[in-house]
Amino acid sequence: MCELVQKYNVPGPRYTSYPTVPYWDLENFSGKLWKSTVLKAFQESPDDGISLYIHLPFCESMCTFCGCHKRITKRHELELPYIKSVLKEWKIYCELLDARPVIKELHLGGGTPTFFSPEHLKLLVKGILQLGKKTDDADFSFEGHPNNTTRAHLKALYDVGFRRVCYGVQDYNDTVQKAINRIQPFENVKKVTDWAREIGYTSVGHDIIYGLPFQTVSHVEKTMEMTQVLKPDRIAFYSYAHVPWLKGNGQRGYKESDLPTTEAKKQQYELGKKMLTSFGYKDVGMDHFAVASDDLYKALTKGTLHRNFMGYTPSKTKLMIGLGVSSISDSWYGFAQNVKSVEEYEHLVSHGVIPIFRGHILNAEDQLIRKHILNIMCQFETSWVNSESEIIDFQKIIENLLEMESDGLVTVGPNHIKVTEKGRPFVRNISMAFDLKLHRKKPETRIFSMTV
Ligand SMILES: C=Cc1c2[nH]c(c1C)Cc1[nH]c(c(CCC(=O)O)c1C)Cc1[nH]c(c(C)c1CCC(=O)O)Cc1[nH]c(c(C)c1C=C)C2
Ligand SMILES: C[C@H]1O[C@@H](n2cnc3c(N)ncnc32)[C@H](O)[C@@H]1O
Ligand code: SF4
């Protein structure tokens, strides 16, 4: 296993989209094309509903491991203008659609949604629901910071339909917490987890990371033991993505030599996974574990599991609109990303403009490859019919997989590929075999995190 880890630990995309952002064809993209794909996806899926992601970028202090798009500030007077802008952006989209949108999924991410006051968050969600309506089985969720989520936040969001929350835990060890500038005692996580359950949330998630600076196998062991005490319904167990070259990201306060080696990181993953399994958690897909009764695991068994910019979700909607700075939207036929600066964002929406700055329209090849990568990431297998060979070169893909086949990570049939149990930690590498854009043009600079 160790040799495999060394061998396959290469830079690679996380495939929250295909094509991945660095491979978007910016020249053949326009706001006009984008709007036409949004409308098409909307009209083609009247019954599925749409997904909304809202990015709330502010945080009071900078965690140095964090790869998310955020703005560090203590100026809470920024809250209201930002929320008004998000509602304006939503209005622009609603005017484009020819019917009242039905919302299947709503996720508040960040940054720190709980930076905002409960009143402002309620105002935001009520404003969204004024122009749209919820499906009966809607999944409304948010990311809560254990250090500043209050009972009032949980209650306010519960009242407007939220039933799922995830908290950033990362690691409970003091040395690790100091290194990532995030002092967060167990008591805080316990308090917010208990409150959520008392109020009636049906799914509480914890995010845990391995491979953090100064983190050891025994820190992971201890963090898992403490996690078991609180019994979260879902656990995201992420590999630390070291991407210090991303602009505005604070990954500096520690040295590369403070990070665990590839081998140590793999041991942390193996132990974490073993412990989670022994506690009764099910492995859902890359990075995700859940109790058997959680919707995410049920989706895996039903074959409806889907992956988008939010990570894994229980079902697919054709249209996902991302509101707020840096958010990415997915219209099935295209992707578009919003501008990253708060000022520019607020300026654009105040002029009635959809605030995107780049995007990609999928051609027939992209759509097929995306389908297969989604199958690999969500169902751990994929198959194709002969007519697809006219559009993509499966021989090339099979060639790319030969070495992984001989290492026992996949089985390859004439028109079927299946990830083995041993191959599961390598789904990113296996997906890379399908990424014809990556094979045609290898990146010249570092853009992706390591796959292990
Ligand atoms: C709450 C924080 C977010 C996490 N993922 C996203 C958010 C908002 C959404 C997201 N993730 C990526 C993109 C692509 C945009 C881009 O500019 O490349 C978006 C919109 C990809 C990504 N995420 C992480 C990295 C390092 C990258 C880019 C490079 C790569 O594919 O490796 C880090 C990271 N962010 C989040 C997680 C869980 C995570 C790493 C495990 C959360
Ligand atoms: C939303 C969740 O994303 C995870 N997260 C944020 N940045 C990184 C990173 N660089 N590597 C791995 N996980 C990360 C945290 O666990 C957070 O809670
Ligand atoms: S981990 Fe959360 S609180 Fe910390 S900087 Fe990132 S978004 Fe902000």
Side-chain angles (χ1 to χ4, degrees), residues 11-14 16 53-74 78 107-116 141-149 153 164-172 176-184 188-189 192-193 204-213 215 220 223-224 227 232 234-254 256 258-260 265 268-269 272 286-289 308-313 324-328 340 342 428 446-452:
R14 301 179 53 76
T16 46
Y53 170 79
I54 303 181
H55 195 75
L56 300 170
F58 307 118
C59 302
E60 286 213 354
S61 68
M62 167 89 91
C63 311
T64 55
F65 74 93
C66 174
C68 302
H69 180 78
K70 70 265 175 199
R71 165 124 165 220
I72 309 301
T73 179
K74 290 198 162 65
L78 294 171
H107 182 71
L108 309 181
T112 302
T114 47
F115 173 96
F116 289 75
S141 60
F142 73 100
E143 286 162 18
H145 195 310
N147 286 354
N148 62 22
T149 300
H153 279 117
R164 189 158 69 75
V165 56
C166 30
Y167 295 120
V169 171
Q170 328 311 351
D171 188 290
Y172 284 114
V176 176
Q177 292 198 355
K178 278 198 196 98
I180 61 173
N181 192 37
R182 186 182 169 103
I183 304 301
Q184 185 186 277
N188 292 10
V189 183
V192 295
T193 299
V204 177
H206 287 184
D207 298 340
I208 298 171
I209 304 183
Y210 60 95
L212 286 168
Q215 201 180 20
V220 172
T223 295
M224 288 300 174
T227 300
R234 286 187 195 178
I235 293 173
F237 187 38
Y238 293 120
S239 163
Y240 168 63
H242 191 57
V243 284
W245 56 86
L246 285 188
K247 217 175 109 213
N249 150 347
Q251 292 180 336
R252 16 207 74 103
Y254 42 86
E256 305 239 336
D258 298 331
L259 298 173
K265 198 171 174 185
Q268 294 174 9
Y269 170 75
M286 200 181 113
D287 310 329
H288 288 268
F289 293 82
N308 60 23
F309 286 104
M310 300 190 249
Y312 283 103
T313 68
V325 287
S326 83
S327 288
I328 298 184
K340 298 183 181 185
V342 172
R428 278 166 79 178
R446 288 206 294 175
I447 47 177
F448 298 119
S449 58
M450 303 299 273
T451 51
V452 175

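Atoms within a ligand are numbered from 1 in the order they appear, just like the ligands themselves.
Checked by distance only, ligand 2 and Tyr240 stay at 3.5 Å or farther apart across all their nitrogen or oxygen atoms. Residue contacts with ligand 2: Ala241 is placed with a nitrogen or oxygen under 3.5 Å of a nitrogen or oxygen of the ligand (distance criterion only). No N or O atom of Cys66 sits closer than 3.5 Å to an N or O atom of ligand 2. Between Phe65 and ligand 2, a contact under 3.5 Å exists for at least one N or O pair.
When non-hydrogen atoms are compared, ligand 2 lies under 4.0 Å from the side chain of Gln170 (C-beta onward) but not from its backbone. If you look at His145 next to ligand 3, the close heavy atoms, those under 4.0 Å, all belong to the side chain. Of the heavy atoms in Ala236, none comes closer than 4.0 Å to ligand 2.
With Val169, Ile209, Asp207, Asp287 as candidates, the residue nearest to atom 1 (C) of ligand 2 on a non-hydrogen basis is Asp207.
Between the His145 side chain and the Asn147 main chain, a donor and an acceptor come within less than 3.5 Å of each other. Side-chain atoms of Glu143 never come within 3.5 Å of backbone atoms of Gly109 as a donor-acceptor pair (strictly under, hydrogens ignored). Between the Gln215 side chain and the Ile209 main chain, a donor and an acceptor come within less than 3.5 Å of each other. Of the possible donor and acceptor atoms, none in the side chain of Gln251 sits under 3.5 Å from a partner among the backbone N and O of Thr64. The main-chain N or O of Gly272 is never found under 3.5 Å from a side-chain atom of Tyr210 such that the two would form a donor-acceptor pair. Counting only distance, with no hydrogens or angles, the side chain of His107 and the backbone of Met310 share no donor-acceptor pair below 3.5 Å. No donor-acceptor pair closer than 3.5 Å links the side chain of Gln170 to the backbone N or O of Arg182.
The shortest separation from a heavy atom of Ser449 to ligand 2 is not under 4.0 Å, leaving the residue out of contact. Note on ligand 2: Gln251 sits in its first shell, one or more heavy atoms being nearer than 4.0 Å.
The shortest non-hydrogen separation linking Cys59 to Lys70 is SG-CB, 3.9 Å. When all heavy atoms of Val192 and Tyr167 are compared, the pair lying nearest together is O-OH, 2.9 Å.
Note: Tyr240 and Tyr254 have perpendicular aromatic rings, judged against thresholds of 30 and 60 degrees for the angle between ring planes. Relative ring orientation between Tyr238 and His288 is described as perpendicular, the plane-to-plane angle rising above 60° on a 0-90° scale split at 30° and 60°.
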Query - Working for side-chain contact (heavy atoms from CB on, under 4.5 Å), residues Thr227 and Tyr172 - result: CA-CA 9 Å; Thr227 300; Tyr172 284 114; 4.1 Å; yes

Query raised in the report: side-chain contact (heavy atoms from CB on, under 4.5 Å) between Lys265 and Met450: does it pass, once the steps are laid out?
Result: CA-CA 12 Å; Lys265 198 171 174 185; Met450 303 299 273; 5.7 Å; no

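Of all atoms in ligand 2, listed by their number and element, those nearer than 4.0 Å to a heavy atom of Gly168 are 18 (O). Near Ser239, meaning under 4.0 Å from one of its heavy atoms, ligand 2 places the atoms 11 (N), 12 (C). Against a heavy-atom cut-off of under 4.0 Å, Cys68 is close to the following atoms of ligand 2: 6 (C).
Shown here are the protein N/O/S atoms lying under 2.8 Å from atom 6 (Fe) of ligand 3, water excluded: Cys66 SG.
In terms of protein heavy-atom proximity, atom 2 (Fe) of ligand 3 is nearest to Arg182 NH1, 4.0 Å.
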